[in-house]
Structures are given as C-alpha cells and as structure tokens.
Novice: 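Let me begin by handing over the structure; questions about it come next.
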2 protein chains.
Amino acid sequence: MFDECLYFNATKFTRLINFFWAEAYRPIGLSPSHAYLLQFILNQPGETLQNLAEKMDLKLSTVTRFVDVLSAKGLVERRKENKDKRECSVYPTIEGKELKTDLDRTSKILRKEIRKILGDKSVSDTVSLLKKFSIQIKIEKERGNNA
Amino acid sequence: MFDECLYFNATKFTRLINFFWAEAYRPIGLSPSHAYLLQFILNQPGETLQNLAEKMDLKLSTVTRFVDVLSAKGLVERRKENKDKRECSVYPTIEGKELKTDLDRTSKILRKEIRKILGDKSVSDTVSLLKKFSIQIKIEKERGNNA
DNA sequence: TATGCATGTTTGTACATGCAACTATTAAAG
DNA sequence: CTTTAATAGTTGCATGTACAAACATGCATA
C-alpha cells in the first residue's frame, strides 16, 4: 500500500540496517551512533560539541547526550580549554583510544559485508542518491525557515 | 569522513525526511508513523495487530503502542470479535473515518512535492533500490537467526 | 560599567521503536 | 482430561533523536 512511498521505504530500510549495525558493534559495547561519534572524535580530537553536531549532522542536544554516554564509559572527556569558557572540546581518553583498532576493523568489515550482500554498484548508487537528497532537502528546509 | 557509508547516509536522510513528513502531518495532529498506520487501517479495517505489524514492517509491540495512541485519540478501536479470543481486530471509528480525506490529500501532496524537490526518476530509483535492499537484508537476517 | 543581546551547552520532556519478560488463550501430546 | 507448548497481545525498560526552555558566558553599546 505504501509501496512507492519514499518515506515508508526509507524508514523501513533504516530500521533494518540499524539492526545489522547494532549487532556488529555490540561486542564493542556501543550502539552504532555512539560508535560513529567515537570514531569521529578519535580521528578529529578536540572539536567542540557544536562542530561535532554539524559534522555528524546531528542536533547539538543529541551530541550532548552521546558525549554524556561515551564520557560515562570513560571513553572521551570534555575539556574547557578555549578562551571562550562556554565551549568545550572533546578528546578521547586512553581507554577510548584503545578501541580505535576495533572500531576501524568493524566499520571496514561492515562496509565490505553490506556491499557483498546488496551489491557494490547498488550501494554506491544509493549512497550518492541519498547524499544528493540530503543536500536538497536541507536547502528546502532553509527556504521553509526563511519564508 | 563517513561519506561513503550507507548506514550514515541512510540514517541521516531518514532524519531529514522525517522532519518534512512530520510538518505535513502536524495539522492533522498525528506523527507520520501514526498517520500511516491509521491510513492503513482505514483502507483495510479489521486486521489483527499481528497482521498490521507484518504489513507495516513494524514490531508487534510498536503496533500495540501506536494503536494505543490512535485509540486514545478516539480514531480507532480494538474488537475481540474472532473465535480466537487472544486476537483483536482494529477498526476505525467515525472520527477516524473523517480524517481519511485529509490523510489521502496529505500523502498525495507529499509524494508530489518530494518528487518535485528530488526529481521523479531519482525517487523512483531510490525507492526500488531500498525495497530490494530491505528484502535482501531480511533474508540475511533470517540466515543469521538459523545459524 | 551596566544592560541587554548573542552564542555554546545542558536539561526537561516527548516520541519512535525495539527487546525481553509477562499474561491470556488456544492447540497438541501424553 | 491434564499437562505442555505455541501464539496474540501487552508492558517495563532501554535507546535514538528532537524541540524548546534554561543556564552560562561573552560581546556590544549606551
């Protein structure tokens, strides 16, 4: 009934793929979203929450919660090291850094596996379409806000 | 950094599109998921929760909550009308039926609008890829369960 | 320098969704 | 016919994510 519906099919697919990703990250003890954020922080230590939110395309409040979680697990820490004392930069701890190899390996395996299951070209095509869509929708959203 | 990642781009896109859909359904007073379920029930009254879950690709527990919400708003009702007294069938109430026109109109507008923004062919292509993916992932999931 | 505006972060609250444990009922096997 | 296993649904708890309001700090201007 909603066979042709982009919304229906996108949400459904996202739920399914999330299941896969969650399974892969379970041994590390992180949910996919948390794992991604940690991986980002490992690669670019010292970003402010604001920047993390932008780069990961999440809301600031969401990033706050995620950093809370990672921080509670002792994997990252906030530092108020800038002149502007409102900002805080986020750094991985030693424990966090120890997960880097596992995280990298897991994401590489997932990438390879999903492409094996779904087909290399299909995945690439879908990714570029989704990226294009995201940009276009954001533009449209801006337009809506200014109208 | 996660530029080529299917998971990252799919979740991001889903968040964005959800925003759009939510806005469109707000005047009706329903979230997109609830609206979709109601629309389904309007088109196929009398399905059991189990069937609703299958057809909408949601978990039974999720459908239970959604029906709770719709039912609290007086839009649908559960009936224990089958010989198997565990089952209940879900029917729209008169108030629910009154929303049909609005729901149909909104979904038609959304479909048209999103295709105007993103391009007709891109949307169709993406939908068929996503559908194919969902099927393949479900097969893979089955295989995982039996292993 | 005091006052008000802008900006970075946190927090309260809400919704979508799932899993696992529970209840109620039916079906199957002894 | 009783015990056991399967099935339909519900519910407690958890996670992901957002919005809006609160809070804290810095900046600009009177």
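Quick note on labels: first sequence line is chain A, next is B, and so on, each numbered from 1. The model shown is predicted, which means the values in this text are computed figures rather than measured ones. Worth knowing before you read on, the calculation uses all heavy atoms, side chains too, and leaves out hydrogens, waters and symmetry mates.
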Novice: Does the base of C/dT13 carry an N or O that pairs as donor and acceptor with the side chain of A/R65 under 3.5 Å?
Specialist: yes
Novice: Take atom NZ of B/K59 and atom P of C/dC15, then tell me their distance rounded to the nearest Å.
Specialist: 23 Å
Novice: Is there a donor on the side chain of A/R78 or the base of C/dG8 sitting less than 3.5 Å from an acceptor on the other?
Specialist: no
Novice: Determine the sole option in B/F19, B/W21, B/F20 for which the ring pair (Phe, Tyr, Trp, His ring centres under 6.0 Å) test with A/Y7 is passed.
Specialist: B/W21
Novice: Below 4.5 Å, heavy atoms only, C-beta onward: do A/M56 and A/F66 meet side chain to side chain?
Specialist: no
Novice: Ignoring hydrogens and angles, are the base of C/dC19 and the side chain of B/S61 linked by a donor-acceptor pair under 3.5 Å?
Specialist: yes
Novice: Across nucleotides 1-8 of chain D, 5' to 3', mark each nucleotide with B, S or - according to how protein heavy atoms within less than 4.0 Å reach it.
Specialist: -----BBS
Novice: Taking 4.0 angstrom as the limit, do B/D102 and B/R105 come out as a salt bridge?
Specialist: yes
Novice: Between B/N82 and A/N51, who's closer to the 5' end of DNA chain C by nearest nucleotide?
Specialist: A/N51
Novice: Using 30° and 60° as the class boundaries, would you call the ring planes of B/Y36 and B/Y25 parallel, tilted or perpendicular?
Specialist: perpendicular
Novice: For the residue pair B/L30 and B/L75, establish whether any side-chain heavy-atom pair is separated by less than 4.5 Å.
Specialist: yes
Novice: Write down the distance between CZ (A/R26) and C1' (C/dG18), rounded to a whole number of angstrom.
Specialist: 11 Å
Novice: Below 4.0 angstrom, N of the basic side chain to O of the carboxylate: do A/R15 and B/D57 qualify?
Specialist: no
Novice: With a non-hydrogen cut-off below 4.0 angstrom, is B/K83 in contact with a base, only sugar-phosphate, or nothing?
Specialist: sugar-phosphate
Novice: Please figure out whether B/T64 or B/Y7 has its closest DNA chain D nucleotide nearer the 5' end.
Specialist: B/T64
